[in-house]
Structures are given as structure tokens and as C-alpha cells.
Amino acid sequence: MKWWQRILANTLIFLALAGFLDGFMISSWTTALLAAVVFGILNVLVKPILVILSLPITILTLGLFYFIINGLMLWFTAALVIGFGFSSFTLALFVALIVSALNAFLNTN
């Protein structure tokens with residue numbers, strides 16, 4: 001999947017999840033689009049650094065810490081984009097798991 005297709009898919013996923021989950025807030029579809037762009041940029045620039053720095057703990061937890069890193073990327077996105085937020089880190093982690101699963105599904109087809 002190309003980068004812009006992933007941005008559009010993440011925008012739609014964010015909008016859908018905001019409708020289903022109470023603590024996940026998005027003010028408009030343009031905010032969701034901006035959040036998807038920021039999320040994509042953070043995944044390209046910051047996430048590889050965090051993955052390398054946290055490699056020992058990721059190995060110790062048999063890869064489960066990688067999900068925490070995904071949640072952190074969404075949490076950072078919420079800190080950078082006004083009108084996009086979570087009521088708790090647990091909810092950000094849950095949304096990150098859903099976004100990762102749907103992106104993996106879309107990449108296989």
C-alpha cells in the first residue's frame with residue numbers, strides 16, 4: 001500500500017473508531033486527516049529510533065513491548081494535533097492495536 005493510501009485508510013479508521021469509542025475524540029474529518037499525516041510521519045521518523053532503543057525490553061517481553069511503542073506513537077500524535085485526543089493511554093494502546101491490525105489486513109490484500 002502506498003503512503004497516501006495508508007494515510008487515507010488511517011483517516012477512515014480514526015473516524016470510525018472515534019464513533020465507536022467514547023474516550024477517543026476527533027473534532028472533524030480534517031483533524032483526522034492531519035492526525036493520520038502526523039501519525040505517518042512519526043512512524044517514519046521517531047518509531048525506528050524507539051524500536052532500536054527499546055530492543056532489549058522488546059526481546060524480554062517477547063515482542064509485546066512493540067504494542068506499547070505503537071500506543072506511544074498515537075499518544076504523541078494526540079499531543080501534537082489539536083482536536084485529536086484520548087481519555088487514557090490504555091485507550092490509545094487499544095486504538096493502536098486496532099489500527100495496526102487493520103493496516104496489516106489492508107497490506108495483505
Side-chain angles (χ1 to χ4, degrees):
M1 185 180 329
K2 295 180 183 173
W3 192 76
W4 63 271
Q5 291 173 330
R6 186 177 303 237
I7 295 298
L8 290 177
N10 283 342
T11 301
L12 294 174
I13 293 168
F14 289 158
L15 288 171
L17 289 176
F20 286 118
L21 302 173
D22 286 335
F24 183 28
M25 299 149 289
I26 297 176
S27 60
S28 67
W29 69 270
T30 55
T31 304
L33 181 63
L34 178 64
V37 169
V38 170
F39 184 62
I41 291 170
L42 285 175
N43 278 338
V44 168
L45 298 178
V46 178
K47 191 175 182 179
I49 296 168
L50 286 178
V51 168
I52 290 171
L53 291 176
S54 66
L55 193 59
I57 195 166
T58 304
I59 292 171
L60 252 153
T61 61
L62 302 174
L64 292 177
F65 192 75
Y66 192 73
F67 295 120
I68 303 294
I69 293 173
N70 285 337
L72 279 174
M73 291 298 101
L74 269 179
W75 192 258
F76 291 154
T77 302
L80 294 173
V81 177
I82 297 171
F84 182 82
F86 300 96
S87 61
S88 67
F89 180 71
T90 307
L91 184 61
L93 184 61
F94 181 66
V95 170
L97 289 172
I98 294 171
V99 168
S100 297
L102 289 174
N103 278 328
F105 174 74
L106 292 174
N107 277 336
T108 60
N109 294 334

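Everything quoted here is computed from the prediction, not taken from an experiment.
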Any side-chain heavy atom of [X] sitting closer than 4.5 Å to one from [Y]?
X	Y	value
Asn107	Arg6	yes
Val99	Leu17	yes
Lys47	Asn70	yes

Distance (rounded to the nearest 0.5 Å) between [X] [atom1] and [Y] [atom2]:
X	Y	atom1	atom2	value
Leu50	Leu42	CG	CG	9.5 Å
Ile13	Ser100	CD1	OG	9.5 Å
Ile52	Thr58	CD1	OG1	11.0 Å
Asn103	Asn10	CG	CG	4.5 Å
Leu64	Ile57	CG	CD1	11.0 Å
Trp3	Asn43	CH2	CG	10.5 Å

Shortest non-hydrogen separation from [X] to [Y] and the atoms involved:
X	Y	answer
Leu33	Leu8	CD1-CD2, 4.5 Å
Val81	Ala35	CG2-CA, 4.0 Å
Ala92	Leu74	O-CD1, 3.7 Å
Ala78	Gly85	CB-CA, 4.0 Å

Results of ring pair (Phe, Tyr, Trp, His ring centres under 6.0 Å) for Tyr66 - residues two or more places apart only:
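By the ring pair (Phe, Tyr, Trp, His ring centres under 6.0 Å) rule, Tyr66 matches no residue at all.
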Partner set under ring pair (Phe, Tyr, Trp, His ring centres under 6.0 Å) for Phe67, not counting sequence neighbours
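If we apply the ring pair (Phe, Tyr, Trp, His ring centres under 6.0 Å) test to Phe67, skipping adjacent residues, there are no hits.
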Do the side chains of [X] and [Y] join up, straight or via other hydrophobic residues, at under 4.5 Å, putting them in one cluster?
X	Y	answer
Leu93	Val51	yes
Ile98	Ile26	yes
Ile82	Val38	no
Trp29	Leu12	no
Ile7	Val44	yes

Ring geometry between Trp75 and Phe89 (parallel below 30°, tilted from 30 to 60°, perpendicular above 60°):
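Answer is perpendicular, since the angle exceeds 60°.
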Would one find more than 12 heavy atoms of other residues, nucleotides or ligands at under 6.0 Å from atom CZ of Phe94?
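Counting other residues, nucleotides and ligands, CZ of Phe94 stays at 12 neighbours or fewer.
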Evaluate whether atom CG of Leu97 has more than 12 neighbouring non-hydrogen atoms of other residues, nucleotides or ligands under 6.0 angstrom away.
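For Leu97, atom CG is crowded (more than 12 foreign heavy atoms under 6.0 Å).
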Is the Phe76 to Phe39 ring centre distance short of 6.0 Å?
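Aromatic pair excluded; centres sit 6.0 Å or further apart.
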Are Phe24 and Phe84, when compared by the centres of their aromatic rings, separated by less than 6.0 Å?
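Yes, close enough.
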